[in-house]
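This structure is a prediction, so every number in the text was calculated from the model and none was measured.
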Amino acid sequence: MSEVSNTTQDPFHFILTGIPGFEDAHLWISIPFFCLYTLSIVGNSTILTVIHTQPGLHQPMYLFLSMLAVTDLGLTLTTLPTVMQLLWFDYRKIGFEACFAQFFFLHGFSFMESSVLLAMSFDRYVAICRPLHYAAILTNEVIGRIGLAIVCRCVLAVLPSLFLLKRLPFCRSHLLSHSYCLHQDMIRLVCADIRINSWYGFALVLLIIVLDPLLIVLSYTLILKNILSTSTWTERFRALNNCLSHILAVLILYVPMVGVSMTHRFAKHASPLVHVIMANVYLLAPPVMNPIIYSAKTKQIRQGIIHLLFQGKVH
């Protein structure tokens, strides 16, 4: 506690916060966190390796899945250093530049996850509603352009908020509420007019956090309409089953995301523990659960993992 009290006014650092009320148990709490981070890294790396090594998986659906795995890895590796150093060594300081860099990558990868899921919904729409034109529409060149557009979209979305925040003075306490740097957490420490930041943040919410789910819902409305027009229940079930992994991935991202936003906006006076739990669920649930979902629900990925393990044993 002495370190925190002595450095909260240090103009060159922010001070991170662990699990409020459980500071003495940080070493024990680090065990499940370490397991979740390890599961995320191993799971997403395995997905990427399987897709890369299996020529039969070099198809649009799996190329989009590899983008999702890269995004999840980026999200995991962005928060892992500060979270684990705090839980293991009680090291709470993070430099201004490092904090802004983490803020950029954290929000960038988070928006990228949303964009990739939107692209995957388009893939599912074409596969089910335009099956005869699937190969012609989603060529490798088109997928490459979609990937580039996703990266550009997210970078151009996050950069202005980074520069808008960086120009402001942080003359209050530099004590953050989490073990990583979130925009909504950092901006509350500013002692200047933040109306431009607030309006830009609102526009960003509309552009990504609201627009992406609406477009995903629209694509599934069209998919459902197409499925219900098919002749047999077997075909309907097969089509829905092909979408189930993506639907679960969408829910795992957007339910915690909405929960974090609602908590920050409407539960400001709630226990700090509530904010910490919600933020950690939001950041850890998609990277941990997506590989599990796609491994369990996608036969080709499952077979690829078995082949990879079997091949490893043979060599």
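Residues His107 and Gln184 meet the side-chain proximity criterion, which asks for heavy atoms closer than 4.5 Å. Taking the side chain as every heavy atom from C-beta outward, Asn197 and Leu168 approach each other to under 4.5 Å. Within the 4.5 Å cutoff, the side chain of Leu63 has heavy atoms near those of the Asn140 side chain. Between Tyr91 and Leu86, the closest side-chain pair of non-hydrogen atoms is not below 4.5 Å. At least one side-chain heavy atom of Phe64 sits less than 4.5 Å from a side-chain heavy atom of Ile146. Contact annotation: the side chain of Phe105 never approaches that of Leu77 to less than 4.5 Å [non-hydrogen atoms, C-beta and beyond]. Side chains of Val210 and Val205 form a contact here, defined as non-hydrogen atoms less than 4.5 Å apart. Between Pro291 and Thr46, the closest side-chain pair of non-hydrogen atoms is not below 4.5 Å.
Other residues, nucleotides and ligands place no more than 12 heavy atoms under 6.0 Å from the CG atom of Asp24. Atom CZ of Arg302 is surrounded by more than 12 heavy atoms from other residues, nucleotides or ligands within 6.0 Å. Within 6.0 Å of CZ on Arg195 lie no more than 12 heavy atoms contributed by other residues, nucleotides or ligands. Counting non-hydrogen atoms of other residues, nucleotides and ligands closer than 6.0 Å to CG of Leu218 gives a total above 12. For Phe104, the CZ atom counts as densely surrounded, since its 6.0 Å shell holds more than 12 non-hydrogen atoms of other residues, nucleotides or ligands.
If you look at Phe22 and Trp28, their ring centroids are not closer than 6.0 Å. Residues Tyr62 and His58 keep their aromatic ring centres 6.0 Å or farther apart.
A donor-acceptor pair is defined here as one N or O able to donate and one able to accept, closer than 3.5 Å; no such pair exists between the side chain of Ser110 and the backbone of Leu106. The main-chain N or O of Ser45 is found under 3.5 Å from a side-chain atom of Thr49 such that the two form a donor-acceptor pair. Formation of a donor-acceptor pair under 3.5 Å by the His174 side chain with backbone atoms of Ile15 is not found in this model. With hydrogens and angles ignored, the 3.5 Å screen pairs no side-chain donor or acceptor of Asn226 with any backbone N or O of Leu222. Between the side chain of Gln59 and the backbone N or O of Leu57 there is no donor-acceptor pair closer than 3.5 Å. In terms of modelled atom types and a separation under 3.5 Å, the side chain of Asn44 and the main chain of Pro287 share a donor-acceptor contact. Under the 3.5 Å distance criterion, the side-chain polar atoms of Asp212 are left unmatched by any main-chain donor or acceptor of Leu118. Looking only at distances, no side-chain donor or acceptor of Ser66 sits under 3.5 Å from a matching main-chain atom of Leu48. Remark: side-chain polar atoms of His183 are not paired, donor with acceptor, to backbone N or O of Phe103 under 3.5 angstrom.
Clustering ILVMFWY residues whenever any of their side-chain heavy atoms sit less than 4.5 angstrom apart, transitively, puts Ile292 in the very cluster that holds Leu251. Ile277 and Ile31 are members of different hydrophobic clusters when ILVMFWY side chains are connected at heavy-atom separations under 4.5 Å. Hydrophobic cluster membership differs between Val42 and Leu284, with clusters built from Ile, Leu, Val, Met, Phe, Trp and Tyr side chains linked at under 4.5 angstrom. Under the 4.5 Å side-chain heavy-atom criterion for Ile, Leu, Val, Met, Phe, Trp and Tyr, Val217 and Val116 are members of distinct hydrophobic clusters. Hydrophobic clustering keeps Leu162 apart from Leu156 (ILVMFWY residues linked when any side-chain heavy atoms are closer than 4.5 Å, directly or through intermediates).
With Thr82 as reference, Gln102 is the one residue of His178, Lys93, Gln102 to meet the side-chain hydrogen bond (donor to acceptor under 3.5 Å, both in side chains) rule.
Legend: residues meeting disulfide bond (SG atoms under 2.5 Å apart) with Cys99, ordered by chain and number and at least two apart, are Cys181. Scanning for ring-ring contact (aromatic ring centres under 6.0 Å, His included) contacts around Trp199 gives an empty result, with sequence neighbours left out.
Here the shortest heavy-atom pairing between Tyr294 and Ile301 reads O-CB, 3.9 Å. Closest approach of Glu113 to Thr71, counting heavy atoms only: N-CG2, 3.5 Å. Of all non-hydrogen atoms in Leu68 and Met120, the two that sit nearest each other are CD2-SD, 4.1 Å. Nearest approach of Ser121 to Ile223, heavy atoms of both residues: O-CD1, 4.4 Å. Closest non-hydrogen pair, Pro160 versus Ala157, comes out as CD-O, 3.7 Å. Of all heavy-atom pairs spanning Met61 and Tyr134, the tightest one is N-OH, 3.6 Å.
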What's the verdict on side-chain contact (heavy atoms from CB on, under 4.5 Å) for Ile208 and Arg153, showing C-alpha distance, side-chain angles and the deciding distance? CA-CA 10 Å; Ile208 295 179; Arg153 179 198 193 207; 3.7 Å; yes
Using side-chain contact (heavy atoms from CB on, under 4.5 Å), reason through Leu206 and Leu211 one step at a time and then give a plain yes or no. CA-CA 6 Å; Leu206 290 179; Leu211 182 61; over 6 Å; no
Do Ser295 and Ile47 pass the side-chain contact (heavy atoms from CB on, under 4.5 Å) test, and can you show the C-alpha distance, the side-chain angles, and the key distance before you say yes or no? CA-CA 8 Å; Ser295 298; Ile47 294 286; 3.8 Å; yes
For a side-chain contact (heavy atoms from CB on, under 4.5 Å) check, start with the C-alpha distance between Leu189 and Leu176, then their side-chain angles and the critical distance, and finish with the verdict. CA-CA 8 Å; Leu189 304 179; Leu176 297 171; 3.7 Å; yes
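Note that CD of Gln85 and CG of Leu87 are 10.0 Å apart. Values are rounded to the nearest 0.5 Å. Interatomic distance, CD1 of Ile247 versus CD1 of Ile293, reported as 11.0 Å (0.5 Å rounding). Expressed to the nearest 0.5 Å, how far SG of Cys243 lies from CZ of Arg124 amounts to 6.0 Å. With rounding to the nearest 0.5 Å, the separation of SG in Cys154 from CG in Leu159 is 11.0 Å. Distance check, rounded to the nearest 0.5 Å: OG of Ser40 to CG of Leu73 gives 6.0 Å. Between the OH atom of Tyr200 and the CD1 atom of Ile194 there is a distance of 16.0 Å, given to the nearest 0.5 Å.
Screening residues 235-263 for ring pair (Phe, Tyr, Trp, His ring centres under 6.0 Å) gives Tyr220-His246 as the qualifying pairs, with residues at least two apart or on separate chains.
Side-chain contact, Thr79 with Tyr37: a donor N or O sits under 3.5 Å from an acceptor N or O. Tyr180 and Thr78 share no side-chain donor-acceptor pair at under 3.5 Å.
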